[in-house]
Amino acid sequence: MKMDLGTRLALLGGILVLALFSTVSGNFVFPVQHKFKGRERSLRTLKDHDMRRHGRILSSVDLQLGGNSMPTDIGLYFAKLRIGSPSKDYYVQVDTGSDILWVNCIDCQRCPTKSDLGIDLTLYDPKSSSTSKLITCDQEFCTSTYDGPLPGCRPELLCQYNVVYGDGSTTTGYFVKDTIHFDRLIGNQQTQSENGSVIFGCGSKQSGDLGKTSEALDGLIGFGQANSSMISQLAVAGKVKKTFAHCLDNVNGGGIFAIGEVVQPQVNTTPMVPNQAHYNVYMKAIEVGGDVLELPTDIFDTGDRSGTIIDSGTTLAYLPDTVYDPLVTKVLAQQPGLKLHTVDDEFTCFEYNDKVDDGFPVITLHFDKSLILTVYPHDYLFQIRDRVWCIGWQNSGVKSKDGKEVTLLGDMVLANKLVVYDAENQVIGWREYNCSSTIKLKDESGSVYTVGHHNLSSGDSLGTARVLTILLLLGAVLHNFVQNPLILL
């Protein structure tokens, strides 16, 4: 069934504001892990997951992520946050396409208390934190969120939020303000603890898959481009630069995710489509094995949601029917003897005994300003069992409000590449890169720090899972001058 893109992507009834103490400046770190690490799931579950999570990203902080983007393995990344006084650990899904941080709360209905992901879930209790404050409907945060006073608002009524996802899952709750604890980057992979006050959602009711034990997390942190996202709010407050990068390692797992100015290696960029809530770029053409596909000239112009969405929060890659059909036909033409079959009513699969990189074509995506993105057979084909491979390209079924189909590129094509998002200059870029190595970032004072691949230690509650570090460069006022430091999440 095809859904409007506005339904597929999270529809948010709330907004997140993060304000770090004005005397604190630095790079902070949050441990992060992959959501589906170490457990089997159907391919249909994977695609359903993509329908819920189109997009996710932070501001200027170093976030330790775990796992990989292999469809048959994990398919999700999540971070560990420390919230409250005294602080407790919360595992939240990292989402570049939505704009709110929320965690399940102590009074929640249908909130999971156990998870099959190998993590311990914690329900947030505002009363147990000495720094927690409730946000009421008459406060400025709430009135600005809803563009004015709410009808029937009284000072004792809480400011509420509601999030609806494409599969019908919902989270409903109210806003609170509390302290989030960070590991601030003060040198090359050296940190010290800092904290800041954050307004976030306290989940009081869940429905659909959000309440299922198999995929349970404590919540979600949104890093979208809209004004309501954490990175946008921090940028307005002068705390953060709206630029970040990730390098998802599908060879060794984990990788790097950094928000800040990448100075090494250098990355070529392409313009972002203006006035979009997500990270959209202009795709111009597609080559399959050196042959350019003959496509309608306006196929990648999706009307009210123009361009191609770059989304590290989605596992696969989604194309309009008019692109998907000739692309898959061209891919399979090099192996005419294959016997195709369908798995989970969604995925085209086949048996193949040799190396896929030797038997299938390289796909090259062309973007504005001559930027290209190369997708190898080992990227777009994934193995579900011995000698059985499936095609990761999907016909999107996702439509914009004006009825045009959407092109969305997820981790399948972004893995093993350094991808840079620079909302300050409205460009996105990428290059092939060894995500097990390091990158260098510069803050406003001119200091350059090295950030590398991370793994959670075997002593962590997440076991031996791979870790990906998200580094966000956070600018803040330090004493009487401004500098934009590096922050590790």
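Remember, it's a predicted structure, so these values are computed and weren't measured experimentally. Numbering of residues begins at 1 and proceeds along the displayed sequence.
Judged purely by atom type and a 3.5 angstrom limit, Asn425 has no side-chain atom pairing as donor or acceptor with the backbone of Val427. Between the side chain of Trp430 and the backbone N or O of Thr269, no donor-acceptor pair lies under 3.5 Å. A distance-only check finds no donor-acceptor pair linking the side chain of Asn280 to the backbone of Val273 [under 3.5 Å]. Side-chain atoms of Thr438 never come within 3.5 Å of backbone atoms of Gly452 as a donor-acceptor pair (strictly under, hydrogens ignored). Panel note: side chain Asn434, backbone Ser436; a donor-acceptor pair is recorded below 3.5 Å.
Annotation: the span from Glu287 atom CD to Lys330 atom NZ amounts to 11.0 Å, rounded to 0.5 Å. Rounding to the nearest 0.5 Å places CG of Leu340 at 11.0 Å from CD of Gln335. Distance check, rounded to the nearest 0.5 Å: CZ of Phe350 to NZ of Lys339 gives 14.5 Å. Between the OG1 atom in Thr374 and the NE2 atom in His366 there is a gap of 8.0 Å [rounded to 0.5 Å]. The SG atom of Cys202 sits 3.5 Å away from atom OH of Tyr174, with the distance rounded to the nearest 0.5 Å. Atom-to-atom distance recorded for Ile428:CD1 and Asp422:CG is 9.5 Å, nearest 0.5 angstrom.
Phe175 has its ring centre no less than 6.0 Å from the ring centre of Tyr146. With ring centers used as reference points, Tyr282 lies 6.0 Å or more from Phe367.
Of all non-hydrogen atoms in Leu293 and Pro326, the two that sit nearest each other are CD2-O, 4.1 Å. Leu316 approaches Gly392 most closely through the heavy-atom pair CB-O, 3.7 Å. Of all non-hydrogen atoms in Ile384 and Val343, the two that sit nearest each other are CD1-CG2, 4.2 Å. Taking each heavy atom of Leu81 and Leu101 in turn, the nearest pair found is CD1-CD1, 3.9 Å. Nearest heavy atom pair, residue Gly429 against residue Val267, reads C-CG1, 3.4 Å. Val103 approaches Tyr90 most closely through the heavy-atom pair CG1-CB, 4.4 Å.
Using a 4.5 Å cut-off on side-chain heavy atoms (C-beta onward), Leu365 and Ile363 make contact. For the pair Lys417 and Leu373, the minimum side-chain heavy-atom distance is below 4.5 Å. Side-chain contact between Val323 and Ile286 is present, with at least one heavy-atom pair separated by less than 4.5 Å. Looking only at side-chain heavy atoms (C-beta outward), Tyr449 and Ile439 stay at 4.5 Å or farther from each other. You'll find the side chain of Tyr318 stays beyond 4.5 Å of the side chain of Leu409, heavy atoms only. Counting only heavy atoms from C-beta outward, the side chains of Asn416 and Tyr433 never approach each other to under 4.5 Å. At least one side-chain heavy atom of Met283 sits less than 4.5 Å from a side-chain heavy atom of Thr407. By the 4.5 Å heavy-atom criterion applied to side chains, Pro361 and Gln334 are counted as neighbours.
Between His378 and Tyr376, the two ring planes are parallel [angle under 30°; tilted spans 30° to 60°]. The aromatic rings of Tyr279 and Phe244 lie perpendicular to each other, with more than 60° between the two planes, well past the 30° mark.
For Asn268, the CG atom is loosely surrounded, since the number of other residues' heavy atoms within 6.0 Å does not exceed 12.
Residues Thr170 and Ser207 bring a donor and an acceptor atom of their side chains to less than 3.5 Å of each other. A donor and an acceptor atom, one from each side chain of Asp368 and Thr270, are nowhere located under 3.5 Å apart. When only modelled atom types and interatomic distance are considered, Tyr161 and Thr171 share a side-chain donor-acceptor pair under 3.5 Å.
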Hey, mind stepping through Val328 and Ile391 against side chain to side chain contact (heavy atoms under 4.5 Å, CB included) and telling me if it holds? CA-CA 8 Å; Val328 171; Ile391 299 175; 3.9 Å; yes
Go through the steps for Tyr352 and Phe360 under the test ring-ring contact (aromatic ring centres under 6.0 Å, His included), then give the verdict. CA-CA 11 Å; Tyr352 190 73; Phe360 294 87; 5.1 Å; yes
Between Val375 and Val362, is a side chain to side chain contact (heavy atoms under 4.5 Å, CB included) present by the stated rule, with each step listed? CA-CA 6 Å; Val375 188; Val362 172; over 6 Å; no
For Trp393 and Leu319, run side chain to side chain contact (heavy atoms under 4.5 Å, CB included): C-alpha distance rounded to whole Å, both residues' side-chain angles, the deciding distance at 0.1 Å, then the answer. CA-CA 7 Å; Trp393 300 103; Leu319 304 170; 3.6 Å; yes
From CA spacing to verdict: side-chain hydrogen bond (donor to acceptor under 3.5 Å, both in side chains), Asp411, Thr315: CA-CA 5 Å; Asp411 294 346; Thr315 304; 5.2 Å; no
Carefully, step by step, assess Leu381 and Val356 under the rule side chain to side chain contact (heavy atoms under 4.5 Å, CB included). CA-CA 8 Å; Leu381 298 174; Val356 293; 3.9 Å; yes
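Checked against the 2.5 Å cut-off, the SG-SG distance between Cys105 and Cys111 does not fall under it.
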